[in-house]
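Everything below concerns the one structure shown next.
Residue numbers start from 1 in every chain, and the chains themselves are labelled A, B, ... in the order their sequence lines are given, proteins ahead of strands.
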Amino acid sequence: MQGPPGSSKAPLSLQLQQDKQQPTIPVEQQYEAILGDLKYNKPNSAALIPVIVSPHANTMLRLAPTPSSRHALLLLCCCRSAVPATASTSNSAPTQTPITQSRRSLSSSAKTAGAAAAESQLRPLKPLTPSQRAFLSSALRVNQAGELAATLIYTAQTPPIVAREPHLSPLMRHMYDQEAGHLTTFNQLIAKHRVRPTALYPLWSVLATGLGWSTAVLGREAAMACTEAVETEIGGHYNAQIRQLLEMVAEWEADGYAVGSEFTDLIDTLRRIRDEELEHLDHAINHDAKKAQPYWLLTSAIRAGCRGAIWVSEKV
Amino acid sequence: MRPPALSRAAAGASRLLTPRAAWTRPASTTSSSITTLTTTRRAQPNLQPTTASRARAYHASTHPPPPPPFSPTETAILSAAYTHVPTHGFSQTSLALGARSAGYLDISTNLLPDGVFSLIKYHLLTHRELLSSTPLPPTSTLSAKVEHLTFTRLLANAPVLPHLQSALAIMAQPSYIPTSLAELAVLADEILYLAGDVSVDPTWYTKRASLSAIYAASELFMTNDTSAGFRDTRAFLARRLGEAEELGGAVRSVGEWVGFNAKAGVNVLRSWGAPI
């Protein structure tokens, strides 16, 4: 139970050490790489950011100054990393999505042939530490609060906007449906993992409805600016959570523990939801979010409010 | 050159944690206990965090559960002491008898940082964990399952019922109130989870708060209940749960009425052309 066989430890830990020495790319630069040109129905490309972009972003941004060339280079990285490793691991999810396949290929490519043979035995799951449990519970609590707020914002924004511009009805409907799906997902996760929901649920409900209604009454551009601000904060927030989960999983793999489908599924879910939120961000920008009149005031106030709400929901 | 008292202390300390069978010197227990009492320092209190909140924050269905709050030695002493509670109550006597029957010195009870309260906590913990193995009929409603589980937990108090009032008095001491309330909250959460409650909105809080209050009241009622099979307690419990459900239904209805009328009013204004 205490760790991998001695033969596999040295190359893997060395590989991880080398990985750790890579400079981490700040979130804004990662966004530039994502938002420039990604197609939304290719979850691989956005989802591989924490894994692919960090070692390759510097090279990528130097070699590919224009958005389209960056897109081509990203797809190239995805294709190369999406090739499954020959020594594939037998643990965890039977349904291997391309995302988990590529991530596992990144770690298993570092292992020697001896380790691959040892891996075919069933490794135990490591018990979670109290700080890991606290992190997971606050993460799920905040995510549920965020999706609740997003659902209520769209519900409040839709009637004033659609009354003035009926052609926006399908877009508002589409964004609302996706947010409602996210809320259902997090409600199920919270019930399944016995996480306490946020105690300020009624407060967030009132504030979100008020925010949605007031920005919609100010105009379509203001409503889109509100969406842009909220989705920017939420996207960065999900990225931080995914990064932390990937670190947890990497630690387990380094110590020779199995990684259950519970965590691979959670990471995949968060990636998918993060991609859909970024899609909303792009829709908002495409519908003149930047043309809102007190743009800096609206976005900075809403972003500060979101950050405060996230901080409070993590605790309470 | 160690002074004799310290060497006796060292010997005594090492004997605290080894069962009696391993001793080589057949010394009389009384004199060695007194010696160790005067010369050994009290064992350091358990430095594990006593708040259960961080350990229970996230329930991982596939990963192993968090470690129990008592160490193996403490569990051995407490489980042995618990068998003496029906006769000697939640007291130092039960703890000492338990330590002795588990094969440790009487003074080993100093390992337990809270003394008698550790025994009470052991009682609460064991019976809460036993709830998960209660068989439930799958077709009953949520409220029927909650009543069944709560009454099962109340019945588990039956063997120690004569001493329950003194246990409640110890739990109400100011230094133990936070832990006692936390245990009550965790019990309510466990009962609702096992009954199949999946609410994730403010009713999560209202259900647990009301169930905690109802359980505490029923437990207090039970300490004076002399009916056969505690049927009076069961009737009391059913009445309280019924009232809570009625109150919840009334609040929900009022909320629905207010919400509907507010939305309808806003929509009527919109249909009249107001730019809202």
**Request:** With chain B as the partner chain, list the residues of residues 203-225 of chain A whose heavy atoms fall under 4.5 Å from it, by residue number, and write 'none' if nothing qualifies.
**Result:** A/W213, A/V217
**Prompt:** Is the shortest side-chain N to carboxylate O distance from B/K145 to B/D197 below 4.0 Å?
**Reply:** no
**Message:** Please check: side-chain N/O of A/R271 versus main-chain N/O of A/Y238, any donor-acceptor pairing under 3.5 Å?
**Reply:** no
**Asked** Is the distance between the ring centroids of A/F263 and A/W252 less than 6.0 Å?
**Response** yes
**chain B contact via A/Q144 - side chain, backbone, both or neither, heavy atoms under 4.5 Å** = side chain
**Message:** Less than 4.0 angstrom from a charged side-chain N to a carboxylate O is my criterion; do B/E147 and B/R240 meet it?
**Reply:** no
**Request:** Using a cut-off of under 4.5 Å on heavy-atom pairs, state which of B/P65, B/P202, B/P275 scores highest against chain A.
**Result:** B/P202
**Prompt:** Looking at A/P197, A/A163, A/A199, which has the largest count of heavy-atom pairs under 4.5 Å with chain B?
**Reply:** A/P197
**Message:** Ignoring hydrogens, what is the shortest heavy-atom contact between A/S313 and A/R141? Give both atom names and the distance.
**Reply:** O-NE, 3.2 Å
**Item:** Cation-pi check, A/R194 onto B/Y193 ring (under 6.0 Å, within 45° of axis)
**Value:** yes
**Request:** Below 4.5 Å from any heavy atom of chain B, which atoms of A/L140 appear? Answer side chain, backbone, both or neither.
**Result:** side chain
**Request:** Can you spot which of B/L192, B/I191, B/D189 makes a side-chain contact (heavy atoms from CB on, under 4.5 Å) with B/K207?
**Result:** B/L192
**Request:** Below 4.5 Å from any heavy atom of chain B, which atoms of A/T198 appear? Answer side chain, backbone, both or neither.
**Result:** backbone
**Prompt:** If you measure from the Lys or Arg side-chain nitrogens to the Asp or Glu carboxylate oxygens, is any gap between A/E276 and A/R272 under 4.0 Å?
**Reply:** yes
**Request:** Let me know if B/R270 has heavy atoms under 4.5 Å from chain A in its side chain, its backbone, both or neither.
**Result:** side chain
**Fill in**
For A/Q241 and A/F135 the tightest heavy-atom approach is O-CZ, 4.1 Å
